[in-house]
K.L.:
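Sharing a structure here in structure tokens format.
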Amino acid sequence: MKSSNIGGQAVMEGVMMRNADKYAVAVRKTDGEIVVKTEEYKGIVQNKKIRSLPIIRGVFSFIDSMVLGMSTLTYSASFFMDEEEEEKDEKKESVMMGLTIACSVVMAVAIFMILPYFLSQLFRKFTDSTTLITLLEGAVRLVIFFGYILLISRMKDIQRVFMYHGAEHKCINCIEHGMELNVENVLKSSRLHKRCGTSFLFIVMIVSIIFFLFIRIESPIWRVVFRLLLIPVIAGVSFEFIRLAGKSENKLVIFLSKPGMMLQKLTTREPDASMAEVAIASVEAVFDWRAYLKENFGWQEKV
């Protein structure tokens with residue numbers, strides 16, 4: 001199977017697809033119409049040499065995903081706001097989006113990186129083993145992560161976002177398996193994909209456990225500081241694995257990808273035909289799937 005360069009993200013009642021510096025957001029409005037917005041996004045760092053450096057590219061890619069994801073979520077949500085809310089000043093929206101991203105990052109770091117560390121220190125009453133404490137910290141981090149996903153997956157609005165998430169994956173899998181991009185083929189494709197953000201976050205958790213096992217600092221304060229400083233490196237290493245997994249058929253890579261793929265069963269749902277149509281619209285706005293199929297699979301369009 002040959003992977004494409006396209007990636008995506010689910011938004012409110014829609015899907016965002018990105019290919020190189022171009023992205024498209026397709027949203028189905030309340031009246032049933034599909035609206036597609038296509039724009040360019042070159043990223044926070046535009047130097048191609050820097051953006052291609054291993055590990056470092058993963059950090060920039062993660063930041064770009066956060067910025068672009070928040071922007072597209074805001075755009076999709078605007079279709080379901082009251083008219084008064086739609087007339088807000090664009091500058092204020094930009095500032096609010098920046099603050100939201102900053103707060104989201106701080107909260108994510110506090111909940112998934114710092115909180116597990118402090119909770120794991122409670123076990124020092126029972127053991128002096130640094131290795132065991134670090135493994136317990138990792139276990140607590142995974143429990144919090146799984147618990148968070150289980151909690152949000154019970155929300156009705158989030159369940160619909162997860163259905164669009166499934167539609168996004170199905171579109172990419174449909175193309176990468178050499179099938180014509182239509183509703184029928186999309187719906188019968190898998191909703192799980194090795195390059196998914198869910199898998200990335202799971203790998204981040206696992207890589208953090210490995211890093212913290214081998215990099216040890218005696219001072220509790222510096223231990224916390226060092227964990228914070230290592231976050232970009234952990235994200236970069238995790239990105240390299242996801243990137244490799246997306247194009248490798250190596251049995252070990254496939255095996256290591258399995259847990260993240262299984263976790264996607266919680267963050268994706270089976271979409272309906274109308275959702276598949278939205279996902280297809282977002283793909284076609286940024287990616288010539290016909291040319292891709294002709295080049296990689298010798299596909300011929302039916303006349």
Side-chain angles (χ1 to χ4, degrees), residues 9-12 58 62-63 65-66 69-70 73 77 100-127 129-166 168-169 190-213 220 223-224 226-228 230-235 237-239 241-242 245 255-271:
Q9 177 180 313
V11 296
M12 286 185 66
F62 177 69
I63 295 172
S65 296
M66 286 282 293
M70 193 61 66
L73 276 170
T100 302
I101 292 172
C103 289
S104 298
V105 171
V106 171
M107 286 183 66
V109 169
I111 295 171
F112 297 112
M113 299 301 288
I114 304 303
L115 179 61
Y117 167 74
F118 284 108
L119 290 176
S120 69
Q121 298 308 299
L122 298 175
F123 292 99
R124 289 200 177 275
K125 296 178 182 179
F126 310 102
T127 179
S129 171
T130 302
T131 299
L132 182 57
I133 294 295
T134 304
L135 289 173
L136 286 168
E137 178 189 347
V140 171
R141 183 174 294 113
L142 287 171
V143 168
I144 292 174
F145 181 55
F146 292 145
Y148 169 76
I149 290 177
L150 283 170
L151 184 64
I152 65 171
S153 67
R154 299 178 67 87
M155 301 167 63
K156 287 185 178 180
D157 288 343
I158 297 299
Q159 286 174 2
R160 286 193 63 80
V161 172
F162 285 174
M163 289 173 75
Y164 278 106
H165 189 194
E168 169 221 327
H169 283 186
S190 173
R191 73 177 200 261
L192 310 181
H193 197 278
K194 287 186 287 187
R195 294 199 307 271
C196 175
T198 302
S199 292
F200 169 76
L201 292 175
F202 178 77
I203 294 299
V204 164
M205 302 292 165
I206 300 303
V207 172
S208 69
I209 294 173
I210 296 170
F211 269 61
F212 299 156
L213 268 175
R223 209 177 296 149
V224 173
F226 209 69
R227 274 161 168 68
L228 294 174
L230 277 175
I231 289 174
V233 181
I234 292 170
V237 172
S238 302
F239 174 83
F241 175 80
I242 292 296
F255 174 76
L256 294 174
S257 299
K258 288 288 184 184
M261 297 279 282
M262 294 297 290
L263 191 58
Q264 289 175 42
K265 291 186 176 181
L266 292 176
T267 61
T268 62
R269 294 283 190 275
E270 287 295 333

K.L.:
Once rounded to the nearest 0.5 Å, what's the spacing between atom CD1 of Ile114 and atom CZ of Arg141?
P.N.:
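One finds 8.5 Å between CD1 of Ile114 and CZ of Arg141.
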
K.L.:
Please check: side-chain N/O of Arg191 versus main-chain N/O of Lys265, any donor-acceptor pairing under 3.5 Å?
P.N.:
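Here the side-chain-to-backbone pair exists.
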
K.L.:
Would you please test Ile144 and Phe112 for side-chain contact (heavy atoms from CB on, under 4.5 Å) and show each step?
P.N.:
CA-CA 7 Å; Ile144 292 174; Phe112 297 112; 3.8 Å; yes

K.L.:
Identify the two heavy atoms, one from Pro116 and one from Val140, that lie closest to each other, and give their separation to 0.1 Å.
P.N.:
CA-CG1, 3.9 Å

K.L.:
What's the separation between atom CZ in Phe202 and atom OG1 in Thr198, rounded to the nearest 0.5 Å?
P.N.:
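Between Phe202 CZ and Thr198 OG1, I get 11.5 Å after rounding to 0.5 Å.
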
K.L.:
Take the angle between the ring planes of His169 and His165 and call it parallel below 30°, perpendicular above 60°, tilted in between.
P.N.:
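Geometry flag for His165 against His169: perpendicular rings.
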
K.L.:
Does the side chain of Leu73 reach to within under 4.5 Å of the side chain of Gln9, using non-hydrogen atoms?
P.N.:
yes

K.L.:
How long is the gap from CG on Leu135 to CG on Leu213, to the nearest 0.5 Å?
P.N.:
5.0 Å

K.L.:
Evaluate Val237 against Ile203 for side-chain contact (heavy atoms from CB on, under 4.5 Å), listing each step before the verdict.
P.N.:
CA-CA 9 Å; Val237 172; Ile203 294 299; over 6 Å; no

K.L.:
So, for Phe62 and Phe200, is the gap between ring centers shorter than 6.0 Å?
P.N.:
yes

K.L.:
Give the intermediate values and the outcome of salt bridge (charged side-chain N to carboxylate O under 4.0 Å, His left out) for residues Arg223 and Glu137.
P.N.:
CA-CA 13 Å; Arg223 209 177 296 149; Glu137 178 189 347; over 6 Å; no

K.L.:
State the OG1-CG distance between Thr127 and Leu132, to the nearest 0.5 angstrom.
P.N.:
5.0 Å

K.L.:
Write down the atom of Ser238, the atom of Val204, and the distance for their closest heavy-atom approach.
P.N.:
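Looking at all heavy atoms of both residues, the shortest contact is OG-CA, 3.3 Å.
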
K.L.:
Is Ser129 close to Phe123 at the side-chain level, that is, under 4.5 Å between some pair of heavy atoms?
P.N.:
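Result no, sub-4.5 Å side-chain heavy-atom pair not found.
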
K.L.:
Heavy atoms only: give me the nearest Met113-Ile234 pair and the separation to one decimal.
P.N.:
CE-CD1, 4.4 Å

K.L.:
To check you understand the geometry: which heavy-atom pair defines the closest contact between Leu230 and Phe211, and what is its length?
P.N.:
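Between these two residues, the closest heavy atoms are CD2-CD2, 4.0 Å.
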
K.L.:
Does Gln264 use its side chain to pair, donor to acceptor, with the backbone of Ser199 at less than 3.5 Å?
P.N.:
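Looks like no, no N/O pair under 3.5 Å.
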
K.L.:
Mind checking the NZ-CG spacing from Lys194 to Leu256? Nearest 0.5 Å is all I need.
P.N.:
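Output value for this atom pair is 11.0 Å.
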
K.L.:
Is there a donor-acceptor pair under 3.5 Å between the side chain of Gln159 and the backbone N or O of Ser153?
P.N.:
yes

K.L.:
When you look at Leu263 and Phe146, which way does the side-chain contact (heavy atoms from CB on, under 4.5 Å) test go after all the steps?
P.N.:
CA-CA 9 Å; Leu263 191 58; Phe146 292 145; 3.5 Å; yes

K.L.:
Mind running side-chain contact (heavy atoms from CB on, under 4.5 Å) on Ile209 and Leu142 for me, showing each step along the way?
P.N.:
CA-CA 10 Å; Ile209 294 173; Leu142 287 171; 4.3 Å; yes

K.L.:
For the atom pair CG (Leu136) and CD (Gln121), what is the distance rounded to the nearest 0.5 Å?
P.N.:
10.0 Å

K.L.:
Tyr164 versus Glu168: any side-chain heavy-atom pair under 4.5 Å?
P.N.:
no

